[in-house]
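Because the structure is predicted, anything quoted here is derived from the model rather than measured. Every heavy atom of this structure was used, including side-chain atoms; hydrogens, water molecules and symmetry mates were not.
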Amino acid sequence: IAEVKERWGSLLDQGATAFWGNWDRHNTLAAGWASTPAYYFATTILGLRPLKPGFQVFAVEPHIVGLDWAKGSFPSLKGEIPVSWTVNAGEFRLEGEIPEGTSAEILIPSKGTVKPREVRLDGRKIWKTGKSSRNKAVQWVKAEEDGVRLHLTRTGKYELTAQY
């Protein structure tokens, strides 16, 4: 975020309305290869990246980085992968969609040193303080140093909520 604010934010300060081809106005005023922030936000803030070729299995590993919410999507061979998340004092909510023929490994992040104490999928508890509950849509759930990770195998829309 700091690098994006410093480098691309300076373009806004100079009046840019599109990503420039270099750091001043002496080049093209709209260049696709200068769109690093869009890629960075999708892969880091939303945490979307392939784990297997063609996004057959993909990761959703949000990084909160001081934000209250984020929303976006990432194009894949299997279709768009939308993700949005919000965070407040005691809850993290993640919504998304898993395209047909894919599955997702999803990380519910810790808040600082505080790990989620409970995780729900579409309102049904799937994990509470180290113990997972049976759910056909979830292959596994496990606690990790940086949060709670799960493998969601059901395609379609989902909503995950975590209580801290």
Side-chain angles (χ1 to χ4, degrees), residues 1-116 119 121-122 144-164:
I1 295 272
E3 182 179 359
V4 169
K5 283 181 179 178
E6 178 184 332
R7 302 288 291 192
W8 284 268
S10 70
L11 299 181
L12 296 175
D13 294 340
Q14 297 176 61
T17 59
F19 294 117
W20 294 346
N22 63 20
W23 301 115
D24 61 39
R25 294 186 107 156
H26 300 295
N27 200 340
T28 178
L29 296 182
W33 56 86
S35 60
T36 300
Y39 176 79
Y40 172 77
F41 291 151
T43 58
T44 303
I45 306 290
L46 296 176
L48 287 163
R49 65 184 172 86
L51 296 176
K52 290 196 174 179
F55 280 80
Q56 183 179 11
V57 178
F58 61 92
V60 179
E61 299 173 336
H63 292 86
I64 297 171
V65 296
L67 300 172
D68 294 330
W69 65 273
K71 179 179 182 178
S73 66
F74 199 90
S76 81
L77 294 173
K78 303 289 187 174
E80 288 289 317
I81 302 173
V83 171
S84 65
W85 58 258
T86 58
V87 64
N88 62 41
E91 183 179 83
F92 180 84
R93 181 178 306 272
L94 176 73
E95 295 180 30
E97 189 169 343
I98 299 175
E100 193 70 38
T102 68
S103 65
E105 285 191 18
I106 300 172
L107 177 70
I108 305 297
S110 296
K111 286 182 65 180
T113 59
V114 180
K115 291 184 179 19
V119 177
L121 171 62
D122 299 327
E144 294 186 350
E145 185 175 317
D146 52 353
V148 174
R149 185 177 302 273
L150 60 109
H151 190 141
L152 191 54
T153 56
R154 181 196 74 211
T155 59
K157 294 183 179 188
Y158 65 87
E159 177 188 72
L160 288 160
T161 54
Q163 303 297 317
Y164 294 94

Quiz item: Step by step, would you call L48 with V60 a side chain to side chain contact (heavy atoms under 4.5 Å, CB included)?
Solution: CA-CA 5 Å; L48 287 163; V60 179; 3.7 Å; yes
Quiz item: If every non-hydrogen atom of K78 is compared with every non-hydrogen atom of G54, which pair is closest and at what distance?
Solution: CG-O, 3.7 Å
Quiz prompt | Rounded distance (nearest 0.5 Å) linking atom OG1 of T113 with atom CG of D146 | solution = 13.0 Å
Quiz item: Under the side chain to side chain contact (heavy atoms under 4.5 Å, CB included) criterion, do E61 and R149 qualify, and how do the steps go?
Solution: CA-CA 9 Å; E61 299 173 336; R149 185 177 302 273; 2.7 Å; yes
Exercise. Calculate, to the nearest 0.5 Å, the distance between atoms CD and NZ belonging to E144 and K115 respectively.
Key: 9.5 Å
Quiz item: Is the distance between the ring centroids of F74 and F55 less than 6.0 Å?
Solution: yes
Exercise. Assess whether side chain to side chain contact (heavy atoms under 4.5 Å, CB included) is satisfied between T102 and I81, documenting all intermediate values.
Key: CA-CA 10 Å; T102 68; I81 302 173; over 6 Å; no
Practice problem: Measure across N88 and K111 and return the closest heavy-atom pair with its distance rounded to 0.1 Å. | Solution: O-NZ, 2.7 Å
Practice problem: Indicate yes or no for a side-chain donor-acceptor contact from W85 to the backbone of I108 under 3.5 Å, with no hydrogens or angles considered. | Solution: no
Enumerate donor-acceptor pairs with a distance under 3.5 Å from any side-chain N or O in residues 90-101 to protein atoms, sequence neighbours excluded.
residue: E91; atom: OE1; partner: R93; partner atom: NH2; Å: 3.0
residue: E91; atom: OE2; partner: Q163; partner atom: NE2; Å: 2.8
residue: R93; atom: NH1; partner: E159; partner atom: OE1; Å: 3.4
residue: R93; atom: NH1; partner: E159; partner atom: OE2; Å: 2.9
residue: E100; atom: OE1; partner: T155; partner atom: OG1; Å: 3.4

Quiz item: Between S76 (side chain) and G79 (backbone), is there a donor-acceptor pair under 3.5 Å?
Solution: yes
Practice problem: Please assess R154 against L121 for the test side chain to side chain contact (heavy atoms under 4.5 Å, CB included), listing each intermediate value before the final yes or no. | Solution: CA-CA 11 Å; R154 181 196 74 211; L121 171 62; 4.3 Å; yes
Exercise. For G147 and P116, work out which heavy atoms get closest and say how close.
Key: CA-CD, 4.2 Å
Exercise. Can you measure from NZ (K5) to OG (S10) and round to the nearest 0.5 angstrom?
Key: 14.0 Å
Quiz item: If you take all heavy atoms of S73 and L46, which pair is closest and at what distance?
Solution: N-CD1, 4.1 Å
